[in-house]
Engineer: 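Pasting a structure below so you can have a look.
These figures come from a predicted structure and were not determined experimentally.
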Protein chains: 2
Amino acid sequence: MNGPKRSLPTLEDVAQRAGVSTATVSRCLNEPAKVSEATRSKVMAAVEALKYTPNFGARAIAANRTGIIGAIIPTMENSIFARGIEAFQKSLVAVNATMIVASSAYDPDQEAKLIRTMVGRGADGLLLIGTDRDPDTYAYLNERNIPYVIAWACSPDPTQSYVGFDNHAASTKLVAHAIAQGHRSIAYISAKIATNDRARERVLGALRAIKDAGLNPEIMHLSQTDYSVDNGRSTATNILQTTPETTLIICGNDVLAVGAIQAAQSLGRKIPDDLSIVGFDDIELATVIHPALTTVHVPHSDMGRIAAEALLTLTKTPQPPIRIRLKTRTMERGSLGPPPTA
Amino acid sequence: MNGPKRSLPTLEDVAQRAGVSTATVSRCLNEPAKVSEATRSKVMAAVEALKYTPNFGARAIAANRTGIIGAIIPTMENSIFARGIEAFQKSLVAVNATMIVASSAYDPDQEAKLIRTMVGRGADGLLLIGTDRDPDTYAYLNERNIPYVIAWACSPDPTQSYVGFDNHAASTKLVAHAIAQGHRSIAYISAKIATNDRARERVLGALRAIKDAGLNPEIMHLSQTDYSVDNGRSTATNILQTTPETTLIICGNDVLAVGAIQAAQSLGRKIPDDLSIVGFDDIELATVIHPALTTVHVPHSDMGRIAAEALLTLTKTPQPPIRIRLKTRTMERGSLGPPPTA
DNA sequence: AGCTACAATGTAATAGCTTACATTTCGCCA
DNA sequence: TGGCGAAATGTAAGCTATTACATTGTAGCT
């Protein structure tokens with residue numbers, strides 16, 4: 001089935017068959033409004049007949065754009081990114097752009113490499129998650145005038161575009177709410193905060209809430225691990241065994257929280273009577289698990305869609321940075337209640 | 001930050017700076033062995049100094065390949081595909097290929113269009129899900145000599161490559177097991193079977209099991225809907241209200257099954273005492289929901305990884321079709337038991 | 001020294017499309 | 001009907017890297 005590449009029809013073949021110039025064919029394909037109805041139908045017929053498809057490389061080189069947009073996400077396996085990317089891609093398809101994706105597995109070096117690969121592959125613009133990144137990488141993108149949009153976070157750098165939400169504020173709000181119920185012995189299970197600005201901001205937001213309540217930040221014990229149900233389970237198990245007085249476990253995301261709930265339940269803790277657990281993201285698991293998880297709802301799909309629009313705008317014409325902060329909302333569900341002794 | 005595109009260094013700039021011809025520079029980059037040590041280091045220094053990156057379009061046009069592999073999946077929001085694609089992409093990155101992805105939302109027309117778009121974008125090969133597809137589309141790919149691999153299913157056409165599993169057999173096995181427990185009043189909630197071969201094969205596999213057990217296929221009532229927790233819930237609610245004698249609901253995938261479990265529970269049915277429910281895929285939700293779901297485990301990550309390897313092989317040299325059938329396994333968990341009267 | 005053979009390098013054709021600019025066509029009005 | 005402006009179309013110059021083929025350089029041999 002895979003013979004030698006037969007040579008494909010070119011613009012010129014189409015032009016000849018339709019009896020017009022190559023310029024006209026090109027216009028038919030790219031700016032149909034500039035061509036008369038009669039000509040257009042002749043050309044389209046020729047295109048159909050020859051099953052012509054423009055050669056990508058030639059188009060890229062002549063137009064100096066590829067219509068390819070890159071997205072680099074930490075992982076496809078967390079549904080928050082899957083959702084955002086799905087919406088992102090749908091917006092791109094609608095305007096005939098194409099998405100290339102890669103996941104970095106939360107590894108900054110890997111991400112830096114992927115960024116260069118994507119630029120080398122002709123990406124017209126990039127979607128990046130979070131703000132933590134080597135300055136060299138930003139310099140590289142700026143030198144090459146590759147526009148990028150940061151998602152899932154808000155950049156403090158006023159020259160950068162983002163479509164995100166305030167991890168810090170959302171976390172503060174959630175934790176303040178939890179503290180108000182009376183919790184004074186708190187554990188926080190986070191992703192590694194050194195290279196993950198979203199995780200870090202959430203932790204700092206929680207500390208902020210504690211301080212704002214006039215409490216000692218040391219009532220919160222921080223554990224760091226990678227995001228996964230298993231890690232949530234093992235870390236929570238460890239916490240409940242070493243500091244059984246803990247009444248609230250704050251999880252950096254819902255995936256960890258689901259693991260924590262399972263761990264707590266298999267240790268015989270009743271949630272929320274004996275122990276409260278909260279998460280972040282509001283993924284599907286949050287409502288399927290019992291009790292349902294109190295968490296922060298993040299508009300992942302909207303973020304993907306809006307980021308796509310922003311990025312497309314940036315690739316079209318020079319533009320001041322686009323900075324959009326989306327709202328989050330605390331979802332109060334069954335996993336949070338007052339501590340047992342309250 | 002996004003000024004007008006400054007023009008990037010070209011091969012010629014590098015050649016000039018290094019005091020050699022463009023051919024030599026090109027050779028340095030692509031076939032270093034053909035260039036003397038002295039020249040090579042001069043050239044590499046120039047490349048570094050100018051931060052030269054080859055222009056993608058020019059390279060694609062001159063070399064007639066892009067190193068881009070396309071993947072078209074029904075949706076990113078079902079974690080089975082997210083997982084498969086994640087593994088697929090990792091394998092590609094490892095050999096310096098790049099993945100472009102799009103989702104078709106289970107729409108055949110949309111998929112056909114996306115296939116053409118991807119080929120137009122220079123994809124060297126394609127990953128496709130399932131076998132149901134307009135013959136024109138296959139003809140198009142064959143004409144253009146674009147290799148493709150089918151995943152999540154096994155193609156009966158011996159000229160096609162696939163890395164999949166036997167939906168029919170897996171379903172037969174699961175349902176046979178369920179029937180053996182005594183169920184005689186069965187509902188099946190499936191995706192639309194007209195355009196979805198995986199869904200269809202699962203339904204047919206279930207019927208096969210019923211016939212094999214010497215029972216009348218009419219004991220199974222089929223509903224068709226789109227895959228989603230909500231649809232699982234509403235369809236199951238409907239079934240339980242109109243045919244309350246149903247003792248087993250077979251769901252076309254786990255997402256529907258989770259909805260069905262929720263529906264059943266909110267109607268006061270005890271699972272598995274009053275009602276059994278089974279799914280297909282073995283996603284994370286299956287073990288988080290209570291009771292845990294009896295379902296068919298599918299090796300999604302392996303499938304993605306192996307499909308990538310197969311596709312890369314096919315793009316490299318003409319090759320007979322690669323046909324790999326992966327094993328599935330029935331996961332027996334709490335949601336399946338004998339019917340109440342048994 | 002003179003020759004061969006091969007390694008290293010250079011020259012220039014080529015790939016297919018877009019687009020600025022030039023030219024032609026057309027409709028419409030005086 | 002002549003003339004004008006706008007619409008439609010054509011011409012041809014790029015865009016950048018690869019590569020077949022031509023040329024030059026060099027080592028090794030007699």
Engineer: B/R65 has an atom CZ; how far is it from atom C1' of D/dT18, in whole Å?
Structural biologist: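 Between C1' of D/dT18 and CZ of B/R65: 14 Å.
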Engineer: Given atom CD1 of A/I61 and atom C1' of C/dG16, what is their separation to the nearest angstrom?
Structural biologist: 9 Å
Engineer: Take atom CD of A/Q16 and atom P of C/dG16, then tell me their distance rounded to the nearest Å.
Structural biologist: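 Rounded to the whole Å, the gap is 14 Å.
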Engineer: Given D/dC15, D/dG10, D/dA17, identify the nucleotide with an atom nearest to the side chain of B/L11.
Structural biologist: D/dA17
Engineer: Nearest-Å distance, CG (B/L29) to P (D/dT16)?
Structural biologist: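 In whole Å, D/dT16 P lies 16 Å from B/L29 CG.
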Engineer: Show which side-chain atoms of residues 125-132 of chain B pair as donor or acceptor with protein atoms under 3.5 Å away, not counting sequence neighbours.
Structural biologist:
from   : atom 1 : to     : atom 2 : distance (Å)
B/T131 : OG1    : B/D197 : OD2    : 3.4
B/D132 : OD1    : B/R200 : NH2    : 2.8
B/D132 : OD2    : B/N196 : N      : 3.4
B/D132 : OD2    : B/D197 : N      : 3.3
B/D132 : OD2    : B/R200 : NH1    : 2.9
B/D132 : OD2    : B/R200 : NH2    : 3.2

Engineer: Can you list the residues that meet the side-chain hydrogen bond (donor to acceptor under 3.5 Å, both in side chains) rule with B/T117, with sequence neighbours excluded?
Structural biologist: none
Engineer: Which part of the nucleic acid does A/F56 contact within heavy-atom distance under 4.0 Å: base, sugar-phosphate only, or nothing?
Structural biologist: nothing
Engineer: Considering just the side-chain nitrogens and oxygens of B/Y52, establish if one lies under 4.0 Å of OP1 or OP2 belonging to D/dA17.
Structural biologist: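 So the side-chain polar atoms of B/Y52 do come within 4.0 Å of the phosphate oxygens OP1 or OP2 of D/dA17, strictly under.
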Engineer: Strictly below 4.0 Å, N to O, side chains only: are B/D124 and B/R65 in salt-bridge contact?
Structural biologist: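 Yes, this pair counts.
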Engineer: Report yes if at least one side-chain N or O of A/R59 is closer than 4.0 Å to OP1 or OP2 of C/dG16; otherwise report no.
Structural biologist: no
Engineer: Would you say A/T24 places a side-chain N or O within less than 4.0 Å of OP1 or OP2 belonging to D/dG10?
Structural biologist: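 Yes.
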Engineer: Quiz question: by atom type and distance under 3.5 Å, do the side chains of A/R144 and B/T53 form a donor-acceptor pair?
Structural biologist: yes
Engineer: Starting from P on D/dT16, measure out to CG on A/N64 and report it in whole angstrom.
Structural biologist: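 Taking atom P of D/dT16 as the reference, CG of A/N64 is at 7 Å.
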Engineer: I need the residues from residues 30-51 of chain B with at least one non-hydrogen atom less than 4.0 Å from DNA chain C; give them sorted by number, or say none.
Structural biologist: B/V35, B/S36, B/T39
Engineer: Which side-chain N or O atoms in residues 14-21 of chain B pair as donor and acceptor under 3.5 Å with protein atoms at least two apart or in another chain?
Structural biologist:
from  : atom 1 : to    : atom 2 : distance (Å)
B/S21 : OG     : B/A23 : N      : 3.4
B/S21 : OG     : B/T24 : N      : 3.3
B/S21 : OG     : B/T24 : OG1    : 3.3

Engineer: Side chain of A/A63 only, heavy atoms from C-beta on: which candidate in D/dA17, D/dT18, C/dT18 is closest?
Structural biologist: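 For the A/A63 side chain, the nearest candidate turns out to be C/dT18.
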Engineer: State which of C/dA12, D/dG10, C/dG10 makes the closest approach to the side chain of B/S21.
Structural biologist: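 So the side chain of B/S21 is nearest to C/dG10.
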Engineer: Using heavy atoms to find the nearest nucleotide of DNA chain C for B/V20 and A/R27 separately, return the residue whose nucleotide is more 5′.
Structural biologist: B/V20
Engineer: Once you apply a heavy-atom cut-off of 4.0 Å, does B/T10 come out as touching a base, just sugar-phosphate, or nothing?
Structural biologist: sugar-phosphate
Engineer: Under the salt bridge (charged side-chain N to carboxylate O under 4.0 Å, His left out) definition, can you give me all pairs with a residue in residues 99-122 of chain A, not counting sequence neighbours?
Structural biologist: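 Every pair satisfying salt bridge (charged side-chain N to carboxylate O under 4.0 Å, His left out) with a residue in residues 99-122 of chain A: A/E111-A/R133.
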Engineer: Does B/K90 have any side-chain hydrogen bond (donor to acceptor under 3.5 Å, both in side chains) partners at least two apart in sequence or in another chain, and if so, which?
Structural biologist: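 Here the qualifying residues are B/E86.
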